[in-house]
Protein chains: 2
Amino acid sequence: MPEKDVEATLPKHQRIRQEMAAQIRSLEPHSLLPTERELAKSQGVSRATIRLALDALREAGLVYRVQGAGTFVAGPTISKTLALSSFSEDMEIRGMVPSSRLLSADETPAGPELAEQLGIETDDLVIRLTRVRLADDEPICLETAHLPSARVPGLLDRDLGGSLYEVMQGIYHLKVVRAEQVVRAMVLDVGDASLLGTPPGAPALRMHRIGLDDRDRPVESTTSIYRADRYDLRLAVRRAE
Amino acid sequence: MPEKDVEATLPKHQRIRQEMAAQIRSLEPHSLLPTERELAKSQGVSRATIRLALDALREAGLVYRVQGAGTFVAGPTISKTLALSSFSEDMEIRGMVPSSRLLSADETPAGPELAEQLGIETDDLVIRLTRVRLADDEPICLETAHLPSARVPGLLDRDLGGSLYEVMQGIYHLKVVRAEQVVRAMVLDVGDASLLGTPPGAPALRMHRIGLDDRDRPVESTTSIYRADRYDLRLAVRRAE
DNA sequence: AAGTGGTCTAGACCACAGA
DNA sequence: CTGTGGTCTAGACCACTTT
């Protein structure tokens with residue numbers, strides 16, 4: 001029962017954050033929350049701990065604070081703060097069933113560009129996976145991932161039909177916690193269009209991602225091509241400062 | 001001289017954050033920073049204050065922390081955390097000179113869709129601005145903004161050739177601090193293509209934004225169409241939690 | 001074992017909003 | 001004015017790594 005253990009060892013501010021998040025969903029936008037001092041008292045913790053929880057809720061776009069006035073429930077948010085997510089998670093959030101069709105899986109020397117992106121040598125090996133990603137059995141995305149072979153030994157022998165992130169984390173203890181993404185619009189050529197089941201010349205979103213682990217080391221360089229008619233990118237952005 | 005006053009009234013953790021950000025830029029990636037306790041001592045503040053500064057630096061992607069080991073300089077970041085920015089700011093960051101060609105400016109009833117987005121009544125008035133946005137005198141983006149007339153009285157009589165956000169903030173004290181964006185790929189039709197100086201059928205990024213002020217009230221609904229060959233979207237994303 | 005960041009406490013004063 | 005969130009202190013113990 002890891003479930004209970006995890007909950008038991010959760011820091012207080014995270015537990016409080018989760019409880020409050022659940023409650024907030026049932027409140028009207030712009031309703032006033034209890035004051036930080038009241039929450040501290042009722043939860044039996046210090047105000048600093050409550051502030052940690054509220055900070056996270058504000059970061060997630062669930063509440064906003066007005067100095068001198070109080071803390072309020074935010075308006076509805078269609079999108080999280082563009083949390084980094086895998087294709088599988090992304091589709092599950094949208095209520096669809098993700099699947100995958102493997103087109104190719106091999107190992108080659110990185111070459112100059114990938115070596116630079118992944119922080120390895122030009123002739124170090126990388127594993128290259130090309131997959132069609134489907135949601136509810138409809139092709140949505142064409143994805144080519146490159147991983148440094150040294151970080152994922154034996155990956156090619158594993159089941160590659162599901163979430164790559166889950167395999168990376170579960171088997172290799174590789175957690176992608178940060179990524180740099182570049183998004184462009186493009187039109188599909190004949191080859192890509194046929195793989196995605198669209199007419200050639202249809203628009204698509206081309207996303208390139210370099211994923212970094214918890215020590216800021218690059219662990220993936222992935223290019224994804226999404227059908228524009230089945231996919232959009234939703235993001236909540238906040239002013240810096 | 002508001003300059004000095006502002007600096008003088010800056011909270012300590014923000015001042016420390018700025019100092020450290022400047023120093024970090026001259027350090028090698030993955031170098032070890034002083035410990036939080038050392039920083040607290042050398043800056044003459046408490047550890048909690050140092051942590052506030054470091055939290056902001058981590059949020060900005062400049063450092064990462066490893067429990068038990070220390071705080072380190074992050075690798076180079078091509079993109080900020082997709083800070084919310086206006087077209088003008090966006091182009092200036094890319095080292096280009098932004099300008100604007102006004103196509104139309106008028107006032108109409110909101111209608112059901114805009115009313116819903118802006119939280120106003122269907123027959124409340126909105127100001128609609130359509131502009132071609134240029135960078136270094138080349139058309140980049142076709143932008144249609146809708147603002148609730150009640151929030152920006154007399155806007156149509158002002159100079160609309162520059163940053164709308166600057167006018168909103170400077171004249172009307174409207175600060176957009178948060179936005180919901182939806183990004184899609186599209187192909188340009190004949191009309192849009194000719195305004196942007198591209199062939200019809202060329203790809204473009206279509207971005208719709210609802211901007212919210214510091215009290216979470218919608219203040220703009222804007223659609224921007226960017227030439228794919230002159231514009232990409234760069235974003236740094238982090239894992240939630 | 002020693003030292004790091006992660007969490008938490010119990011206070012305090014400040015700047016600001018609102019009646 | 002009162003009460004709010006914003007900032008800050010000076011501790012303490014815990015979880016974790018060992019650049």
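Sequence lines set the chain letters: A, B, ... in the order given, protein chains first and strands last, and positions in each chain run from 1.
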Separation of [X] atom [atom1] from [N] atom [atom2], in whole Å?
| X | N | atom1 | atom2 | answer |
| --- | --- | --- | --- | --- |
| B:Arg58 | C:dG5 | CZ | P | 13 Å |
| A:Leu52 | C:dC8 | CG | C1' | 9 Å |
| B:Asp214 | C:dA15 | CG | C1' | 15 Å |
| A:Leu10 | C:dG6 | CG | P | 16 Å |
| B:Arg17 | D:dG6 | CZ | P | 16 Å |
| B:Tyr64 | C:dG6 | OH | P | 13 Å |
| B:Lys41 | D:dC8 | NZ | C1' | 19 Å |
| A:Gln67 | C:dC13 | CD | P | 18 Å |

A:Tyr165 and A:Glu89 side chains, donor-acceptor separation under 3.5 Å = no

So, B:Ser221 versus B:His208: side-chain donor-acceptor pair below 3.5 Å or not?
-> yes

To the nearest 10 degrees, the angle between the two end axes of the helix from C:dA1-D:dT18 to C:dG18-D:dC1 (five pairs per end) comes to 10°

Using the closest heavy atom to pick a nucleotide of DNA chain D for each, name whichever of B:Val45 or A:Leu32 lands nearer the 5' end.
-> A:Leu32

Evaluation steps, side chain to side chain contact (heavy atoms under 4.5 Å, CB included), between A:Met96 and A:Glu92 = CA-CA 5 Å; A:Met96 310 178 96; A:Glu92 277 158 12; over 6 Å; no

If you pin A:Arg47 and B:Arg215 to their nearest nucleotides in DNA chain C, which one's is more 5'?
->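 Here A:Arg47 is the residue nearer the 5' end.
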
Closest-nucleotide ordering on DNA chain C, the 5'-leading residue of B:Thr71 and A:His13 =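 Looking at DNA chain C, the more 5' nearest nucleotide goes with B:Thr71.
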
Touch class at under 4.0 angstrom, heavy-atom based, for A:Ala48 against every strand present | base

Before accepting this row, confirm whether a basic side-chain N of the pair B:Arg65/B:Asp55 lies closer than 4.0 Å to the acidic partner's carboxylate O.
->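 Yes, this pair counts.
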
salt_bridge(B:Arg209, B:Glu180) N-O dist < 4.0 Å =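 Between B:Glu180 and B:Arg209 there is no salt bridge, as every charged N stays at least 4.0 Å from the carboxylate O atoms.
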
Could you work out which one of D:dT18, C:dC8, D:dT4 sits closest to the side chain of A:Arg37?
-> D:dT4

Tell me which nucleotide among D:dT19, C:dG5, D:dG5 gets nearest to the side chain of B:Glu36.
-> C:dG5

Minimum-distance pair of heavy atoms, taken over all atoms of B:Arg151 and B:Tyr172 | O-CD2, 3.8 Å

Tell me whether the side-chain N/O atoms of [X] come closer than 4.0 Å to OP1 or OP2 in [N].
| X | N | result |
| --- | --- | --- |
| A:Lys12 | C:dG6 | no |
| B:Ser46 | D:dG11 | no |
| B:Arg65 | C:dG6 | yes |
| B:Arg51 | C:dG6 | yes |

Under 3.5 Å, is there a donor-acceptor pair between the side chain of B:Tyr226 and the main chain of A:Arg184?
-> no

Measure the acute angle between the ring planes of B:Tyr64 and B:Phe72, then classify it against the limits of 30° and 60° as parallel, tilted or perpendicular.
->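 Parallel.
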
